[in-house]
There are 2 protein chains.
Amino acid sequence: MSSQALDRSLIRPLHLFDGMLDEELDDVLSTAGSRRYAIGETLFEQGQRADKFYLLLHGRLRVTQVTPQGQQVVMQMINPGDMCGIAKALQRPDYPGTATAAADSISLYWPTQDWTPILSKHPVFAVNAMQTIGQRLQEAQARVREMSTEAAERRIAHSVLRLAGQSGRQEPEGIRIDFPISKQDIAEMTGTTLHTVSRVLTAWEDLGIVDGGRQKLLVKDPHRLLLIAEGETVGPSR
Amino acid sequence: MSSQALDRSLIRPLHLFDGMLDEELDDVLSTAGSRRYAIGETLFEQGQRADKFYLLLHGRLRVTQVTPQGQQVVMQMINPGDMCGIAKALQRPDYPGTATAAADSISLYWPTQDWTPILSKHPVFAVNAMQTIGQRLQEAQARVREMSTEAAERRIAHSVLRLAGQSGRQEPEGIRIDFPISKQDIAEMTGTTLHTVSRVLTAWEDLGIVDGGRQKLLVKDPHRLLLIAEGETVGPSR
DNA sequence: CGGATTGTTGAGGATACTCAAGTTAGGTGG
DNA sequence: CCACCTAACTTGAGTATCCTCAACAATCCG
């Protein structure tokens, strides 16, 4: 447990700890460990006994599920400040998915058995944790709504916009998705195939809306993309 | 506010209040009201300021969202013991959907402003409430997974099985969905059309798996239905 | 430089949608 | 109680979307 060097100034700003006293924060952190994960490493795997829960400090995680038929689905991307692996909150003994570092990442972790005590001792934490789960529920419901009512291109547009909003970095040319993301990843987020994603992104590139590349994505015209997401048909540039 | 006649014996068994002392329960109930809703009545509507949250005691609620394009999606069915309208947990000022009584129903309600105080005063309630939201998150994620990877027939099978499990009553012939449900409803739960639902259910009726009817549904062979949901192709009856 | 991963593009076809017409069931009012 | 009216449902035909299959090209890594 390399919990010695937990810099409180790094952790204090996280939403999750809003409204907690410094002593409370120290108490919560006292049982935490931290660890670095290189890109491609997994934090936990689907079906394993959930013995830890995590709070991402830096980097990105991709949480996937594999169906019994072997098809992979990307359930969510985890950004710094987000928790994951909180099986206890779902009343599950095992992890429902696999978390992989989509970029070099640093994460705090606690033993799962600390979950209920922490919640009971720190009601503020409980409220904040609930809001995290609430956020996630809303996002999941948004995806259900999109998959129920929207064609592939619009779903891809929504997905790319979400990525830009949550994992985007402003660059001169537009908003850069700041971790390596493949067409296959986007396909698994939208319930399509990499072929469809490739075709759609190529069309958008021709219109100057995005700029692709091997595991690269730059959103050059978020406004046009939003129009597509909201149901406008793509036309020529202006 | 008709909060006088709240029978504690009716409310005590609900999961939500597991582990709470009688005094705590009384305290929580002190600011609650209750009301009866006839089938078709709405408890709250999408976009309204969320001034109350609800706990269903009896009946069924259908929570729907309407997209900007006017397509309706059934987000969830609420069963007795479930909460709904808990916008506070989602950090939203308004209701994200509309809740309609799918059967004659009775519900408790609290002013939304009581949400945070109740959570802070009763950590057990907070933990229980989080598990409710966690359940819902899991269900939403299951739907995302299904819509990403499964064809229409399998999604409908999953949806019907979920209905049977949550809202089914055993009858001599099979499991009866115990509130009026239309093909349109099922279509809006599965991201299909009522036409597809009608065709699929007709095929299942011919195989003796279900028994349909106007706003009626009886699952006669849950096992076969599960096979379809899990990916078996339908064949003739043995 | 060679192998592997990732991405592109084309052709063909199946699923499920739209459009359309008609049927059944149930409730309402005379 | 029956006739009517509406909402729910059924069924058919045609078709668009997007998947599958396939071959190839580009990019990255060691």
Side-chain angles (χ1 to χ4, degrees), chain A residues 38-40 62 67 69-74 100 102-103 146-157 159-160 177 179-206 210-218 228 231 233-234, chain B residues 38-40 62 67 69-74 100 102 146-160 177 179-206 210-218 228 231 233-234:
Chain A
I39 186 168
R62 183 179 40 241
T67 67
Q69 285 80 29
Q71 292 163 94
Q72 188 163 282
V73 180
V74 175
T100 311
E146 290 165 15
M147 304 202 65
S148 295
T149 62
E150 299 175 1
E153 184 179 28
R154 289 182 59 191
R155 298 204 304 270
I156 294 169
S159 191
V160 169
I177 309 304
F179 63 91
I181 183 159
S182 67
K183 308 281 190 275
Q184 180 71 43
D185 289 331
I186 297 176
E188 288 172 4
M189 290 177 195
T190 53
T192 61
T193 61
L194 83 161
H195 310 280
T196 298
V197 173
S198 177
R199 286 183 234 266
V200 167
L201 290 190
T202 301
W204 289 351
E205 276 190 64
D206 293 346
V210 301
D211 195 21
R214 188 193 175 91
Q215 310 221 69
K216 282 182 180 44
L217 188 54
L218 179 74
I228 295 171
T233 45
V234 284
Chain B
I39 186 168
R62 183 178 44 239
T67 67
Q69 285 81 29
Q71 292 164 94
Q72 189 163 282
V73 180
V74 175
T100 310
E146 290 165 16
M147 305 203 63
S148 294
T149 61
E150 299 175 0
E153 185 180 27
R154 288 183 58 191
R155 298 204 305 270
I156 294 168
H158 270 121
S159 189
V160 170
I177 308 304
F179 63 91
I181 184 160
S182 67
K183 308 280 190 273
Q184 180 71 43
D185 289 331
I186 296 176
E188 289 171 3
M189 290 177 194
T190 52
T192 61
T193 62
L194 83 162
H195 310 281
T196 298
V197 173
S198 176
R199 286 183 234 266
V200 166
L201 290 191
T202 301
W204 290 350
E205 275 191 66
D206 293 347
V210 301
D211 195 20
R214 187 194 177 89
Q215 310 220 69
K216 282 183 178 47
L217 187 55
L218 179 75
I228 295 171
T233 45
V234 285

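Lettering of chains follows the sequences in order, A, B, ..., and the numbering in each one begins at 1.
Annotation: the span from Leu201(B) atom CG to Ile186(B) atom CD1 amounts to 5.5 Å, rounded to 0.5 Å. Atom CZ of Arg62(B) and atom CD of Gln72(B) lie 7.5 Å apart (nearest 0.5 Å). Considering OG of Ser148(A) and CD of Glu188(B), their distance stands at 9.5 Å, rounded to 0.5 Å.
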Exercise. Would you mind building the protein contact string for nucleotides 2-14 of chain C? One character per nucleotide, 5' to 3', B for base within reach (heavy atoms under 4.0 Å), S for sugar-phosphate only, - for untouched.
Key: ---BBSSBBB---
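Closest of all the heavy-atom pairs between Ala102(B) and Pro180(B) is O-CD, 3.4 Å. Heavy atoms only, all atoms of each residue included: Glu146(B) and Arg155(B) are closest at O-CD, 3.7 Å. Residue Thr193(A) comes nearest to Ala187(A) through the heavy atom pair C-CB, 3.4 Å, listed as atom of the first residue, atom of the second, then distance. Of all the heavy atoms in Gly213(B) and Lys183(B), the pair that sits closest is O-NZ, 3.7 Å. Nearest heavy-atom pair across Thr190(A) and Ile156(A) is CG2-CA, 3.8 Å. Of all heavy-atom pairs spanning Thr196(A) and Ala152(A), the tightest one is CG2-CB, 4.1 Å.
Taking the screw axis at each terminus of the helix from dC1(C)-dG30(D) to dG30(C)-dC1(D) from five consecutive base pairs, the angle between the two is 50° to within rounding of 10 degrees.
The nucleotide range of DNA chain D contacted by chain B, defined by atoms under 4.0 angstrom from heavy atoms of the protein and reported 5' to 3', is dA7(D) to dA13(D).
Between the side chain of Thr202(B) and the backbone N or O of Ser198(B) there is at least one donor-acceptor pair closer than 3.5 Å.
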